[in-house]
Amino acid sequence: MTEIKLSKYLSLFKEVSIAPLIIFRIIFGVLMFLGTIRFISKGWIEQLYIDPDYYFGYLGFEWIRPLEGQLMYLPFLLLLISPLFILLGFLYRVSSITFFICFTYIELLDKSNYLNHYYFVSLIALIMIFLPAHRNFSIDTKIWPKIKTVSTKQWTISLIKLQLAIVYIFAGIAKLNSDWLIHAKPLKIWIQAHHNIPFIGPLMQQEWLAYLFSWTGCCYDLFIVFFLLSNRSRPIAYLFVIVFHLLTWYLFPIGVFPWVMIFSTLIFFSPKFHERILNLLSRSNWKKNVIENIKLSHTRKKIIISLLTLYIAIQIIIPFRHVLYPGNLFWNEEGFRFSWRVMIMHKVGLATFYMVDPKTGRESEINNSKFLTRTQEGQMATQPDMILQYAQILKNYHHGKTFHYGNQKFLIENPEIRAKIYVSVNGRPSQLFVDKKHDLTKLEYNLSHRTWLEPFNK
Amino acid sequence: MRVKRTIRVYLSLAILLLLNFSCKKDCDEVQPAFSKAVLLENVADNIILPALNDFESTLSSLESSFFTLQTDPNQESLNAVRANWKASYMQWQMVKIFDFGPIRTNGFKGAVGTYPTDTVRVNSNIINGGYNLSTADNADAIGFSALDFLLYRNDALIDFISNEEYFQYTLDVIQKMKNEFALVKSQWSTYNSTFIAGTGTESTSSFSLLVNEFNRDYELAKNGKLGIPIGAGTLGIQLPEYIEARNSGISLELLQESMRALRIVYMGNNSGSGLGFYDYLVDLEKSSLASTIDANFNQIINTVETFNGSLESEMGSNVSGLNELYNLVQSQVVNIKTDMTSSFGVLITYQDNDGD
C-alpha cells in the first residue's frame, strides 16, 4: 500500500515523547480559559449574542440560533469550565468535545463576528478531541492509571505543526497581491494612525516603514515555519515569532491571537525542551526515552491515514476555492472567509437600504440601527452575502404589516428591498458596490458567482 | 553555518527594502508631519472649550431673562427670553457634536437635545405637578424642544403671567439645563487633558470618539432635522409633528447651524487655520477628498440659505427643493463616514472588538 509507505516515510506512526502534546494541552487550556474571561469581562456576551435582534448565520447553518436571553451565558460557562478540565487533563475527551461544540456553536451564530483566529481555535479544538493529550500529567491518569503513557504517535504532534504551518503559509500567500506588496496597503493606513506613540511615533508616518512591515510580514508568514522546523534555526526563528506577534498585538486590535500563536508555536521545539518544562512543573523526573511500542492494526493505520489526508486536503482546498470565482477577491469576497486572510484588507462601506411598496411605488429609507448593531451594520455593508441576508430580514419585517403614517395607512405586501452601497477598499475612494436597480429580495443567496455587484475599478 | 547565512540573507533583504523604499518619495519632499495630538489640542482649546463657555453664558442669559419675565411680564420680556433660548439652541449645535466624556456620562445630549417634545406629557406635568424631570419618562418633556413649546405657544405670555405652575415648569426646565451643564463643564476641565492625550487607534480613544461622534451627529442631523419630517423613512408621507422646534419655526436655521458647526470641527476652525480632519486628509495625500467635503458643507449651508420659510411651510410649498436638499446632505455621508474615516484608520464602532 502506497499510503502506508508514505506514512513510514513521514514516520507518522513512530513512537515519540508525548511531552510536547502535554504542554500544548496545558497551554491551550490556559489560553482558552483566559480568552473566555476576557470575552465575558468585556461584556461581549450581551453585546454580541443577547442584544441583537437579528443574526447573520452561515449558509446551511442558519438553523443555529442563540439561546433565549440569559441562557446564552450557559455555553460561555462551559467555555470557562472545559478549558480548566482540559488543562488539568480531567475527563479530557468529554471536556475537549464540550469545548469544541460550545466554541463552534457560538462562532456559527453570527458571521458578523467572524475572525480567522476564532476559526483557528475551532480547528485546534477539533483536532484536540482526537489526540491523546491527557495520557500523562493529568487527573485522568490518576483515575485510570492504565491509560498513562510516555509516548505518542508522531502524527499527533505533526498534525498540530501542520495546522500552524497552514495558517502561516496561507496568510503569507494571501499577502502576495499588489495592494500589499506594491502599495503597502492596508498597513500604510493602519500604522500611520499610530504616529503619536512615544519615541517611534513619527516613524509610523514614514512610507518605507509600511513597505518594510508589509514585506517582512509577508516573508515571515511564508517562511517562518521552515525555520521553526530546523533544529538550528529554531531558537532565532522563535525570537522572530515573539517579536512579530508582540508587534501586531501592540499595533492592532487582535485580542488574544498573538498570544495563541506565540505559545502554540512552542510545539515546534524538541521533546527534550518540553520534558524539561514538565520536570520543572512537577519537580519530578520525566522518564526519559522510554519508548513504548504499541502496534496499531493495519486497518487502524489506514483509517488514521485516510482521515488525516481528508482533513489536510480540505484545509488546502478551502483557502484556494476563490480561484473558482471570477473578479476581484477583495471586492466580491467570494471564497474570502476560512482562508487565513488575516489583517489583509481595510474595507469600509456605507449601505443605504430602501423598502419599496410595490403597490404605490413609494419608498422608505431604512434606519439600519433599528435592525442591526454597529458591528453588524459595518460588516454587512461590505459583504455581499450579508447584504442579501439583511434584505430578507427587512422584507420579513415589513411584509404583511400595516403602517400608519399621518392619516394614511399602508398594508405592505412583498416589498422590494433596494440598496445603494458604497465601498472603499484599502483606502481607495469609495465606489458604487450595489446599485439601487436590484430588488435584493429576488436574488438568491447561494455559492454561485454574484453578478449583481458593480464592477471594481482598481 | 546555514542558519547564520539565512539570517544574514533575511536581514540584508530587510535593509535592501529599507533603502529601496525610504528614498522613493519622502526624501525630496520633506513635509512637517501631521499630528493627531496637535489636532486634538486645537479642537479642545479652540473649538470645544470656547463652545462650552459660550453655551454656559447663553444658558445664564436665558435664565436671567426668564427672571426678568417674572418681574416684568410683557411681550418684550418674552421676546428677550425667546432670543436667548434661540441663541443657546444655536450654540448647542456645536456642543452636541462632542457627545463623549462628561457630556456622554451625564447623558446631557439626550437631556437637552431630544425632539420632538411630548406636549401631552408637558401639559400633564404642569397640571399634576410633583414631576421629576430626571426620569426616563420625562426625557421628551424637557430641554430645548420643551422650551420651544412652552415659549412659543399662542397663549404663552398669558400663562406666564397667570399660571404659576406653567412658569415654574418652564423655570425648572431651564434650570435643569443650566445646572446639569455646570456639572458637565466642571468635569470637562478635568477631562480635557484625557481628551487631548487620546491619540490612539482603539475605539475608546478620543480621536476615534471624535470621528465617530462627528459622523453620528451628522447623520442625526440629516435624519432628525430633515429626513424624518419630510417623510424619507415613511414612504414619503410627511411628519410635521416630528419637526424640530416646530413652534418657533427655526428648524432650518438649526440645520444650517449644525452643518456650520460640523464644518468648523472638520476644518479645525472657522477660517481653516487650525488643524482639523481636513488637514489630516491633506497630510494623507487626499486633498481632493478634503476639498470635496468642505465644498459640500458650504453647498449645504448655502442651499439652506435659499429657503425663505420655515421647514413646515417649505414642506407644504417646496417638496422638491427639500428633497434636493436632503439628497445633498445624504451625499456627504459617504465622504465623511466611509472615505474620510477609513483614511484615518479609525473604525466606525462603539464596540471595543477584535479585528483580524
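Proteins get letters first, then strands, A, B, ... in listed order; numbering begins at 1 in each.
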Peer 1: Below 4.5 Å from any heavy atom of chain A, which atoms of Ser35(B) appear? Answer side chain, backbone, both or neither.
Peer 2: both
Peer 1: Does any backbone or side-chain atom of Ile412(A) lie under 4.5 Å from a heavy atom of chain B? Answer side chain, backbone, both or neither.
Peer 2: side chain
Peer 1: Give the C-alpha distance, both sets of side-chain angles, the deciding distance and a yes or no for side-chain contact (heavy atoms from CB on, under 4.5 Å) between Tyr280(B) and Gln192(A).
Peer 2: CA-CA 11 Å; Tyr280(B) 196 178; Gln192(A) 63 76 25; 2.6 Å; yes
Peer 1: Is it the backbone or the side chain of Phe207(B) that comes under 4.5 Å from a heavy atom of chain A, or both, or neither?
Peer 2: neither
Peer 1: Give, as side chain, backbone, both or neither, the part of Leu235(B) having an atom under 4.5 angstrom from any heavy atom of chain A.
Peer 2: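 Both parts, heavy atoms under 4.5 Å.
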Peer 1: If every non-hydrogen atom of Ser424(A) is compared with every non-hydrogen atom of Thr338(B), which pair is closest and at what distance?
Peer 2: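 Looking at all heavy atoms of both residues, the closest pair is CB-CG2, 3.9 Å.
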Peer 1: Is there a salt bridge (Lys or Arg N to Asp or Glu O under 4.0 Å) between Glu285(B) and Lys188(A)? Walk through the geometry before answering.
Peer 2: CA-CA 12 Å; Glu285(B) 295 170 359; Lys188(A) 204 165 144 184; 5.2 Å; no
Peer 1: So which part of Asn223(B) gets closer than 4.5 Å to some heavy atom of chain A, the side chain, the backbone, both or neither?
Peer 2: side chain
Peer 1: Hey, what do you get for CD (Gln205(A)) to CG (Asp283(B)), rounding to the nearest 0.5 Å?
Peer 2: 6.0 Å
Peer 1: Got a second to check how far Tyr405(A)'s OH is from Thr234(B)'s OG1, nearest 0.5 Å?
Peer 2: 6.0 Å
Peer 1: Between chain B and each of Lys347(A), His195(A), Glu363(A), count heavy-atom pairs under 4.5 Å; write down the option with the most.
Peer 2: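 The option with the most such pairs is His195(A).
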Peer 1: For Tyr326(B), which atoms come within 4.5 Å of any heavy atom of chain A: side chain, backbone, both, or neither?
Peer 2: side chain
Peer 1: Do Asp339(B) and Ser430(A) have side-chain N/O donor and acceptor atoms under 3.5 Å apart?
Peer 2: yes
Peer 1: If you look at every heavy atom in Gly233(B) and Ser364(A), which pair is closest and at what distance?
Peer 2: O-OG, 3.2 Å
Peer 1: Side chains of Ile237(B) and Phe403(A): does their closest heavy-atom pair fall under 4.5 Å?
Peer 2: no
Peer 1: To the nearest 0.5 Å, tell me how far Thr201(B) OG1 sits from Leu251(A) CG.
Peer 2: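 Rounded to the nearest 0.5 Å, the OG1-CG separation comes out at 8.0 Å.
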Peer 1: Using the rule given for side-chain contact (heavy atoms from CB on, under 4.5 Å), can you reason through Lys36(B) versus His194(A), listing the C-alpha separation, both sets of side-chain angles and the distance that settles it, and then say yes or no?
Peer 2: CA-CA 9 Å; Lys36(B) 279 192 275 188; His194(A) 291 279; over 6 Å; no
Peer 1: Under a 4.5 Å heavy-atom cut-off, does chain A meet the side chain of Glu241(B), its backbone, both or neither?
Peer 2: neither
Peer 1: Does a sphere of radius 6.0 Å around CZ in Phe371(A) hold more than 12 heavy atoms from other residues, nucleotides or ligands, not counting ones at 6.0 Å or beyond?
Peer 2: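 Counting neighbours around CZ of Phe371(A), more than 12 heavy atoms of other residues, nucleotides or ligands fall under 6.0 Å, so yes.
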Peer 1: Measure Pro429(A) against the heavy atoms of chain B and call it side chain, backbone, both or neither at under 4.5 Å.
Peer 2: both
Peer 1: What part of Ser369(A) is in contact with chain B, defined as an atom under 4.5 angstrom from a non-hydrogen atom: side chain, backbone, both or neither?
Peer 2: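 No part of Ser369(A) comes within 4.5 Å of chain B.
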Peer 1: Using 0.5 Å steps for rounding, measure from the OG1 atom of Thr341(B) to the CG atom of Leu350(A).
Peer 2: 10.0 Å
Peer 1: Between Arg216(B) and Arg374(A), is there a side-chain heavy-atom distance shorter than 4.5 Å?
Peer 2: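 Arg374(A) vs Arg216(B): side chains touch.
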Peer 1: Against chain B, label Gln408(A) side chain, backbone, both or neither, depending on which of its atoms sit under 4.5 Å from a heavy atom there.
Peer 2: side chain
Peer 1: Specify the closest pair of heavy atoms between Asn196(A) and Ala37(B), including all atoms of both residues, with the distance to one decimal.
Peer 2: OD1-N, 3.2 Å
Peer 1: Taking His346(A) for its side chain and Gly345(B) for its backbone only, find out whether a donor-acceptor pair lies under 3.5 Å.
Peer 2: no
